[in-house]
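For reference, the structure discussed in these notes is given below.
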Amino acid sequence: MAIRIYNTLNRKKEIFVPIKQGRVGMYVCGPTVYDSCHIGHARSIVTFDVIARYLKAKDFEVTYVRNFTDVDDKIINRANQIGIDSKALAEKYINEFYEDMDALNVERPTIEPKATEHIAQIIKVIEILIDKSMAYQIDSDIFFAIQSFKDYGKLSGRKLEDMEAGARVDVDERKRNPFDFALWKSAKPGEPAWDSPWGKGRPGWHIECSAMSTEYLGETFDIHGGGKDLIFPHHENEIAQSEGAFGKPFARFWIHNGFVNINQEKMSKSLGNFLMIKDILKSFHPETVRLFLLSSHYRSPIDFTDKAMDEASAGLDKIYALFERVEEKKELSEINDVETGNYYKQFCEAMDDDFNTARGISVLFDAVRNINRLLDETKEGLSQEAIKDIISYKSDILKIGGILGILYESPEAYFEGKKSKALGKKSIDPAVIEDMVKEREKARKAKNWAEADKIRGQLEVMNIIIEDRPEGTIWKVKA
RNA sequence: GGCGGCAUAGCCAAGUGGUAAGGCAGCGGUCUGCAAAACCGCUAUUCAUCAGUUCGAAUCUGAUUGCCGCCUCCA
């Protein structure tokens with residue numbers, strides 16, 4: 001089955017054929033490390049994490065490059081504000097980034113280059129552009145001349161004339177065209193700087209991605225990704241630099257993920273509604289975050305709300321509850337190797353269609369319902385056929401989970417983790433609950449239903465839900 | 001002003017020419033001491049509106065309305 005990907009470059013879905021058979025080179029714009037990561041970063045990173053996992057599952061040898069922008073105006077400003085070295089600031093946030101990503105079960109890319117460690121490559125690309133008269137020097141700054149690149153605007157669908165009409169006035173007067181952008185910025189006192197043919201300075205924002213993608217993936221590579229907001233100017237400028245310098249097509253497929261809104265509002269500094277990953281993880285299980293992010297197609301905007309998160313959480317509970325149920329059946333414990341089942345196949349069909357995780361997740365729930373049905377239907381003992389089916393379905397669910405990066409815990413660990421998080425927030429002692437459950441059990445044995453229901457009512461007020469199962473009573477915390 | 005996107009049940013969300021997935025919520029049922037969980041059934045004759053193309057459209061075209069994004073650092 002061929003994979004079809006929506007290519008921003010041509011604004012349509014195209015059949016994905018890599019340059020080298022069986023291999024994929026993918027470059028994704030990583031964070032500028034001047035602050036904690038927010039849920040928007042999480043969406044982008046989880047999206048491409050799943051894409052990389054899926055491509056690997058389809059037996060592609062994936063070289064996944066995701067950079068760190070570790071030198072930049074924002075980093076310098078922030079470092080100056082709090083009075084520390086900009087390198088130290090970048091390191092602090094790189095570490096924090098890894099903490100967030102590990103929590104979210106994001107796999108490490110193949111290569112994670114930093115801008116500051118590729119100054120030589122950056123300078124080389126700038127020199128080529130100057131040689132080709134596509135870049136020019138003013139004082140000690142180097143600018144890219146967009147008019148020298150005839151395809152400028154092809155990714156974002158803009159025409160130079162149109163843009164000039166709407167351009168802002170606060171442009172650098174020295175530039176030939178208001179949309180020319182800096183390749184190299186001369187150092188001001190106190191700023192991090194590197195030696196260059198044009199004096200001490202540092203790279204502009206866009207050039208690092210051109211230099212580093214070429215370094216690790218070549219002058220032309222398969223996939224370039226990032227958030228929608230990067231289409232213009234960042235990715236447009238990357239194309240101009242790379243195709244200008246090397247005279248070859250740059251990335252062949254451009255993939256852009258949509259935004260995350262918070263209660264229908266765009267995250268913005270002025271609204272102060274940036275939701276940081278580390279804060280969200282205080283309230284929600286990491287898998288809930290992933291399931292929420294993947295419940296919509298990656299290109300659609302999504303709205304982060306408590307309700308949406310609760311629904312994702314309920315869905316996850318449903319799947320883990322099924323695992324728990326399956327584990328309780330001894331005859332299902334010998335998991336032998338099973339063939340790839342129909343659900344996994346359906347999931348792949350969804351993913352082949354522009355990584356449609358929303359549709360893929362519906363397959364997950366279909367499989368869950370079918371196993372539950374089989375378990376419900378055969379109370380007195382499972383037939384060999386049912387056992388075979390259940391094991392196969394469950395194996396499919398786990399395989400799908402492996403691509404979505406969820407369902408990697410044991411049900412016990414999952415529910416225990418949820419319990420302690422929820423109880424911790426409400427500062428309830430689990431021992432108290434255990435005692436109440438035991439009391440209720442006593443009452444039930446004595447057929448003292450009034451007392452049993454009274455205790456259940458008290459627990460419910462505490463957001464504790466009771467389930468009387470054949471094997472005994474268990475309790476859960478309401479989402 | 002320029003460019004682009006979206007509008008599907010109470011809510012979330014797939015579906016891009018062949019007669020409306022899935023989840024949450026709701027209702028009825030099975031199970032249960034009663035519940036919960038799970039399962040079964042029901043819940044959009046209809047896909048913002050209006051025209052058009054077609055044997056056939058949520059899916060294509062045009063217009064209208066509404067929402068959103070980008071054009072400036074931004075995932």
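Note on naming: letters A, B, ... go to the chains in the order of the sequence lines (proteins, then strands), and numbering restarts at 1 for each one.
Closest contact between the side chain of A:Trp449 and the listed nucleotides B:rA75, B:rG23, B:rG33 involves B:rG33. Looking at the side chain of A:Lys318, the nearest of the listed nucleotides B:rC71, B:rA14, B:rC39 is B:rC39. For A:Ile465, counting side-chain heavy atoms from C-beta on, the closest listed nucleotide (B:rA14, B:rA36, B:rC39) is B:rA36. Which of B:rA13, B:rC34, B:rA38 sits closest to the side chain of A:Arg444 comes down to B:rC34. When the nucleotides B:rC73, B:rC11, B:rC39 are ranked by their closest atom to the side chain of A:Glu311, B:rC11 comes out on top. Closest to the A:Arg373 side chain, of the nucleotides B:rG2, B:rA75, B:rC40, is B:rC40. If you check B:rC34, B:rC39, B:rC73 against the side chain of A:Lys74, the one that comes closest is B:rC73. Proximity note for A:Asn257 (side chain, C-beta onward) versus B:rG33, B:rA75, B:rA14: the nearest is B:rA75. Looking at the side chain of A:Ser362, the nearest of the listed nucleotides B:rG33, B:rA21, B:rA14 is B:rA21. Taking the side chain of A:Asp353 as heavy atoms from C-beta on, and the options B:rU16, B:rC34, B:rA14, the nearest nucleotide is B:rU16.
The CG atom of A:Leu155 sits 14 Å away from the P atom of B:rC71 (whole-angstrom rounding).
When heavy atoms are screened at a 4.0 angstrom cut-off, A:Ser44 is found touching the sugar-phosphate backbone but no base atom. Contacts of A:Lys266 with the nucleic acid, taken as non-hydrogen atoms under 4.0 Å apart, include base atoms. Residue contacts shown for A:Asp72 are absent, as no nucleic acid heavy atom lies under 4.0 Å away. Within the nucleic acid shown, A:Gly157 comes within 4.0 Å of sugar-phosphate atoms alone, with no base atom in reach, counting heavy atoms only.
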**OP:** Show your reasoning for whether side chain to side chain donor-acceptor pair (under 3.5 Å) applies to A:Tyr34 and A:Asn77.
**Re:** CA-CA 9 Å; A:Tyr34 73 106; A:Asn77 292 340; over 6 Å; no
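Nucleotides B:rA44 and B:rA37 have their C1' atoms positioned 29 Å apart, rounded to a whole Å. Across B:rG41 and B:rG22, the matching P atoms stand 10 Å from one another, rounded to whole Å. Taking the C1' atom of each, B:rA9 and B:rG26 are spaced 12 Å apart, rounded to whole Å.
Both geometric conditions, a ring-centre gap below 5.5 Å and a plane tilt below 30°, are not fulfilled together for A:Phe365 over the base of B:rG22.
At a cut-off of 3.5 angstrom, the base of B:rC34 holds at least one donor-acceptor pair with the side chain of A:Asp468. Evaluation of atom-type donor-acceptor distances gives a pair under 3.5 Å for the side chain of A:Arg456 against the base of B:rA35. One cannot find a donor-acceptor pair under 3.5 Å joining the base of B:rG22 and the side-chain atoms of A:Arg359. The base of B:rG69 is not paired with the side chain of A:Asp229 by any donor and acceptor separated by under 3.5 Å.
Figure legend. B:rG33 is base-paired to no nucleotide; pairs are counted as Watson-Crick or G-U wobble with both atom distances under 3.5 Å.
Using bins of under 30°, 30° to 60° and over 60° for the plane-to-plane angle, the ring pair A:Phe144/A:Phe181 lands in the parallel bin.
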Compile the donor-acceptor pairs under 3.5 Å between side chains in residues 447-454 of chain A and protein atoms, sequence neighbours left out, one pair per line.
from	atom 1	to	atom 2	distance (Å)
A:Asn448	OD1	A:Glu451	N	3.3
A:Asp453	OD1	A:Arg456	NH2	3.3

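Seen from the ring of A:Phe48, A:Arg66 does not count as a face-on cation partner, given the 6.0 Å and 45° thresholds.
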